[in-house]
Amino acid sequence: MAIETPPYVGATGILNSVLKKIIEAQPPTRFTQDFLTTKLGFKKGSGNAIIPFLKRLGFLGSDGIPTELYNKFRNSSKAGIAMAQGMKMGYSELYTRNEYWHDLDKKELEGLIIEATGTAKNSSTRKQITGTIDVLKQYA
């Protein structure tokens, strides 16, 4: 049975840049498109998927307010732990299927994503999910 599509962004380069800027910038009262554009310097439209993505990882509440996990991620000594916790939240179905999925090689991970989501092997969505996970692993 396929699940809800795991969180992903189409532009993984932007995701990596946003994560770096989150670490550097003072946290906002609410993480909005205006914050993304004005304070973090991303053009309107380029980061549209970032806010919903951060919500699915538990970095932002449903109201856009940064969570404790967001703040923990900004602490260099706890950033890896925070990202691992966010991945556990956002990719819970993958953990249900294989509690060590984060240690799988690329081919095995792709197979698990195909199995979990029902996407086609050559699906752009599957490629974007895999690319997003690759970025997140750099921080975890």
Side-chain angles (χ1 to χ4, degrees):
M1 178 178 192
I3 60 162
E4 176 184 7
T5 304
Y8 70 92
V9 295
T12 55
I14 290 173
L15 173 61
N16 193 33
S17 297
V18 167
L19 292 172
K20 286 178 183 177
K21 295 228 178 188
I22 284 173
I23 292 168
E24 298 167 2
Q26 181 174 346
T29 305
R30 282 187 65 235
F31 197 110
T32 62
Q33 282 300 134
D34 286 341
F35 176 75
L36 198 57
T37 304
T38 307
K39 295 294 186 179
L40 299 187
F42 294 92
K43 293 185 274 184
K44 288 195 185 278
S46 65
N48 284 350
I50 296 296
I51 294 173
F53 177 79
L54 292 174
K55 288 178 181 179
R56 294 209 38 210
L57 288 188
F59 279 40
L60 302 176
S62 60
D63 53 6
I65 295 174
T67 63
E68 189 59 40
L69 200 55
Y70 179 102
N71 292 322
K72 189 189 254 186
F73 178 69
R74 296 185 65 247
N75 177 342
S76 61
S77 67
K78 296 181 179 179
I81 293 167
M83 182 55 74
Q85 289 173 330
M87 289 175 72
K88 221 169 195 176
M89 188 178 304
Y91 299 92
S92 61
E93 176 64 24
L94 295 182
Y95 279 105
T96 299
R97 291 173 183 267
N98 182 336
E99 66 181 307
Y100 301 105
W101 72 264
H102 53 272
D103 292 330
L104 297 175
D105 66 30
K106 190 168 185 144
K107 186 175 182 179
E108 292 171 321
L109 177 59
E110 289 172 352
L112 184 63
I113 291 168
I114 290 166
E115 174 189 329
T117 63
T119 57
K121 184 174 183 152
N122 62 353
S123 160
S124 63
T125 300
R126 197 266 317 137
K127 291 175 186 168
Q128 290 169 336
I129 293 168
T130 307
T132 299
I133 288 171
D134 286 344
V135 170
L136 299 181
K137 281 180 163 183
Q138 295 173 34
Y139 293 90

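Here Asp63 contributes atom CG and Arg30 contributes atom CZ; the two are 6.5 Å apart, rounded to the nearest 0.5 Å. In this structure, CD on Glu110 lies 11.0 Å from CG on Asn122, to the nearest 0.5 angstrom. Here Phe53 contributes atom CZ and Lys55 contributes atom NZ; the two are 14.0 Å apart, rounded to the nearest 0.5 Å. Rounded to the nearest 0.5 Å, atoms CG (Asp34) and NZ (Lys39) are 11.0 Å apart. Between atom CZ of residue Phe35 and atom CD of residue Gln26 there is a gap of 8.5 Å, rounded to the nearest 0.5 Å. Distance check, rounded to the nearest 0.5 Å: CG of Leu40 to NZ of Lys20 gives 14.0 Å.
Within the 4.5 Å cutoff, no side-chain heavy atoms of Met89 are placed close to those of Phe59. Here the side chains of Leu57 and Leu69 are not in contact, with every heavy-atom distance at 4.5 Å or above. For the pair Thr5 and Thr125, the minimum side-chain heavy-atom distance is below 4.5 Å. Proximity of Tyr95 to Lys88: side-chain heavy atoms (C-beta onward) are separated by under 4.5 Å at one or more points. You'll find the side chain of Glu108 stays beyond 4.5 Å of the side chain of Trp101, heavy atoms only. Between Lys137 and Ile133 there is a side-chain heavy-atom pair separated by less than 4.5 Å. When side chains are defined from C-beta on, Pro7 does not count as touching Thr132, because their heavy atoms never get closer than 4.5 Å. When side chains are defined from C-beta on, Ile50 counts as touching Leu15, because their heavy atoms get closer than 4.5 Å.
Residues forming a ring-ring contact (aromatic ring centres under 6.0 Å, His included) with Tyr8 (at least two apart in sequence, or on another chain): none.
At a threshold of 4.0 Å, the pair Arg97-Glu93 counts as salt-bridged, since one of the basic side-chain nitrogens sits closer than that to a carboxylate oxygen. Salt-bridge check for Asp134 with Lys106: passed, with a basic side-chain N closer than 4.0 Å to an acidic carboxylate O.
A donor-acceptor contact shorter than 3.5 Å is absent between the side chain of Lys121 and the backbone of Ile114. Proximity of a side-chain donor or acceptor of Arg74 to a complementary backbone N or O of Ile22 within less than 3.5 Å is detected. Of the possible polar contacts, none joining the Arg126 side chain to the Ile113 backbone as a donor-acceptor pair under 3.5 Å is found. The main-chain N or O of Gly58 is found under 3.5 Å from a side-chain atom of Thr67 such that the two form a donor-acceptor pair. At distances below 3.5 Å, at least one donor-acceptor pair connects side-chain atoms of Tyr139 with backbone N or O atoms of Asn16.
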- Test log, rule side-chain contact (heavy atoms from CB on, under 4.5 Å), inputs Tyr91 and His102: CA-CA 10 Å; Tyr91 299 92; His102 53 272; over 6 Å; no
- Message: Could you walk me through whether Val18 and Ile14 satisfy the side-chain contact (heavy atoms from CB on, under 4.5 Å) test, starting with their C-alpha distance in whole Å, then the side-chain angles of each, then the deciding distance to 0.1 Å, before giving a yes or no?
- Response: CA-CA 6 Å; Val18 167; Ile14 290 173; 4.0 Å; yes
- Query: After noting the C-alpha distance and the side-chain angles of Leu112 and Leu94, does the key distance pass the side-chain contact (heavy atoms from CB on, under 4.5 Å) rule?
  - Reply: CA-CA 7 Å; Leu112 184 63; Leu94 295 182; 4.0 Å; yes
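Of all non-hydrogen atoms in Pro27 and Asn71, the two that sit nearest each other are CG-OD1, 3.8 Å. The two residues Ala84 and Ala140 come nearest to each other via the heavy atoms N-CB, 4.1 Å.
In this pair, Phe31 and Tyr70 present their aromatic rings perpendicular. The plane angle is above 60°, beyond the 30 to 60° band.
A continuous path of hydrophobic side-chain contacts links Leu36 to Ile23 [ILVMFWY only; heavy atoms under 4.5 Å].
A side-chain contact (heavy atoms from CB on, under 4.5 Å) with Leu60 holds for exactly one of Thr32, Ile65, Ile51; it is Ile51.
Counted by atom type alone, Gln85 and Lys72 present one or more donor-acceptor pairs between their side chains at under 3.5 Å. Using a 3.5 Å distance cut-off with no hydrogens or angles, the side chains of Asn75 and Ser77 do pair a donor with an acceptor.
A cation-pi arrangement is not found for Lys78 relative to Phe73, the charged atom failing to lie both closer than 6.0 Å to the ring centre and inside a 45° cone about the ring normal.
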